[in-house]
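In what follows, a structure is listed as structure tokens, so that the remarks can point back to it.
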Amino acid sequence: MNELTGKVALVTGGGSGIGRETSLLMASRGAFVLVTDNDLSAAEAVTATVNKRGGVAHAFACDIAREEHIAAAVEQAVGLFGRLDIQFNNAALLTAEIREQDVDIFSISTEAWDQVMAVTLRGTMLGCRYGAQAMIKGGGGSIINTSSTFGLAAHNRSVAYGVAKAAINMLTAYVATAFGRQGVRCNAVAPSLIMTPLADRVLPDHVRELHRDSTLLGTLGESEDVAELVAFLASDRARYLTGQIFRVDGGTLAHLPTYADWRRKVG
């Protein structure tokens with residue numbers, strides 16, 4: 001299945017987790033991929049895997065908190081491959097310090113709140129800005145933003161993360177609305193808990209079980225589950241899809257809050 005043959009993709013946060021698996025998958029389907037990450041060595045490891053498998057990928061250091069980095073990444077993709085067809089704005093601020101503070105509006109400092117908005121939200125906006133500019137020059141393309149189920153329903157922690165992701169949902173709609181007639185599609189994927197290496201490292205078993213118990217399928221998602229949807233949205237098979245938020249959550253948001261308790265107690 002080489003549905004992305006000849007297309008040029010830029011992935012932010014491509015060094016691990018969902019970004020890594022999406023980079024590998026799109027390359028396997030024929031795309032030329034610029035793998036960007038603020039950890040250049042991680043991006044280089046992904047590109048080495050792509051190239052070993054016969055694909056084409058390059059690594060580029062990109063901190064989405066810095067506008068000049070995003071602009072340079074898009075310029076690099078166009079310079080290497082002649083155009084930009086796919087922009088996957090996947091990176092977000094998930095440092096240990098931020099995660100510890102980001103419980104509610106009492107626990108998170110104003111500075112940390114501003115940092116989440118400046119990186120996760122503003123960085124995604126900048127990716128849309130520079131990606132859309134390049135795509136319009138090239139005749140169109142597909143932008144995919146990583147949102148979250150935390151941006152669709154409130155949780156009892158991660159308030160800044162959730163608000164930033166909710167704003168990304170509206171950003172997605174605005175970008176799709178502004179540039180659709182110029183050939184640019186923009187969609188978002190909203191995963192629930194996905195067992196990335198980061199999640200595997202930091203989440204205790206009881207938290208994983210709470211999330212698993214809320215799914216309809218009884219399993220937690222893997223990075224590949226999100227990557228498959230992103231690759232589809234990047235392809236011409238999704239040519240009539242834009243302005244949409246696609247949940248990748250195993251049915252977590254499809255049911256009433258009483259679902260898990262009812263299932264356990266009643267059957």
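Contact detail for Ala164 and Thr120: the closest heavy-atom pair is CB-CG2, 4.0 Å. Shown here for Leu10 and Ala77, the closest heavy-atom pair between the two residues is CD1-CB, 4.2 Å. Contact detail for Val74 and Ala134: the closest heavy-atom pair is CG1-CB, 3.7 Å. In plain terms, the two heavy atoms of Val119 and Ala65 that are nearest each other are CG2-CB, 3.7 Å. Taking every heavy atom of both residues into account, Leu233 and Ala238 meet most closely at CA-CB, 3.7 Å. Thr124 approaches Leu171 most closely through the heavy-atom pair CG2-CD2, 3.9 Å.
In this structure, the side chain of Arg83 engages the main chain of Gly138 through a donor-acceptor pair within 3.5 Å. No donor-acceptor pair closer than 3.5 Å links the side chain of Asn2 to the backbone N or O of Thr5. In this structure, the side chain of Thr242 does not engage the main chain of Ala176 through any donor-acceptor pair within 3.5 Å. For the pair Gln101 (side chain) and Ser109 (backbone), a donor-acceptor distance under 3.5 Å is present. Checking side-chain atoms of Ser214 against main-chain N and O of Thr252 turns up no donor-acceptor pair under 3.5 Å. Between the side chain of Thr12 and the main chain of Ala91, a donor-acceptor pair closer than 3.5 Å is present. The main-chain N or O of Gly218 is found under 3.5 Å from a side-chain atom of Arg212 such that the two form a donor-acceptor pair. Within the 3.5 Å criterion, the main-chain N or O of Leu241 finds a donor-acceptor partner in the side chain of Asn187.
No close placement of the Phe32 and His58 rings is indicated, their centers lying 6.0 Å or farther apart.
Contact check on Arg20 versus Glu224 returns no salt bridge, with no Lys/Arg side-chain nitrogen under 4.0 Å from an Asp/Glu carboxylate oxygen. Salt-bridge annotation for Arg263 and Asp261: absent, with no side-chain N of the basic residue lying under 4.0 Å from a carboxylate O of the acidic one.
Residues Leu152 and Leu253 have side chains in contact (heavy-atom distance under 4.5 Å, counting atoms from C-beta outward). By the 4.5 Å heavy-atom criterion applied to side chains, Val33 and Val50 are not counted as neighbours.
If you chain together ILVMFWY residues whose side-chain heavy atoms come under 4.5 Å of each other, Leu216 ends up grouped with Tyr259.
Considering only residues two or more places apart in sequence or on other chains, Arg208 meets the side chain to side chain donor-acceptor pair (under 3.5 Å) condition with Asp200. By the ring-ring contact (aromatic ring centres under 6.0 Å, His included) test, Phe60 is found to be paired with no residue, residues two or more places apart in sequence or in another chain being considered.
In summary, the side chains of Tyr130 and Gln87 do not present any donor paired with an acceptor at a separation below 3.5 Å, with no hydrogens or angles considered. For the residue pair Thr146 and Asn90, a side-chain donor N or O sits within less than 3.5 Å of a side-chain acceptor on the partner. Between the side chains of Thr172 and Asn145, at least one donor N or O lies within less than 3.5 Å of an accepting N or O. Looking only at atom types and distance, the side chain of Asn169 has a donor-acceptor partner in the side chain of Ser147 under 3.5 Å away.
In this structure, His155 and Phe150 have tilted ring planes: the angle between them lies in the 30° to 60° band.
Screening Ile18, Leu25, Leu24 for a side chain to side chain contact (heavy atoms under 4.5 Å, CB included) with Thr22, the sole residue that qualifies is Ile18.
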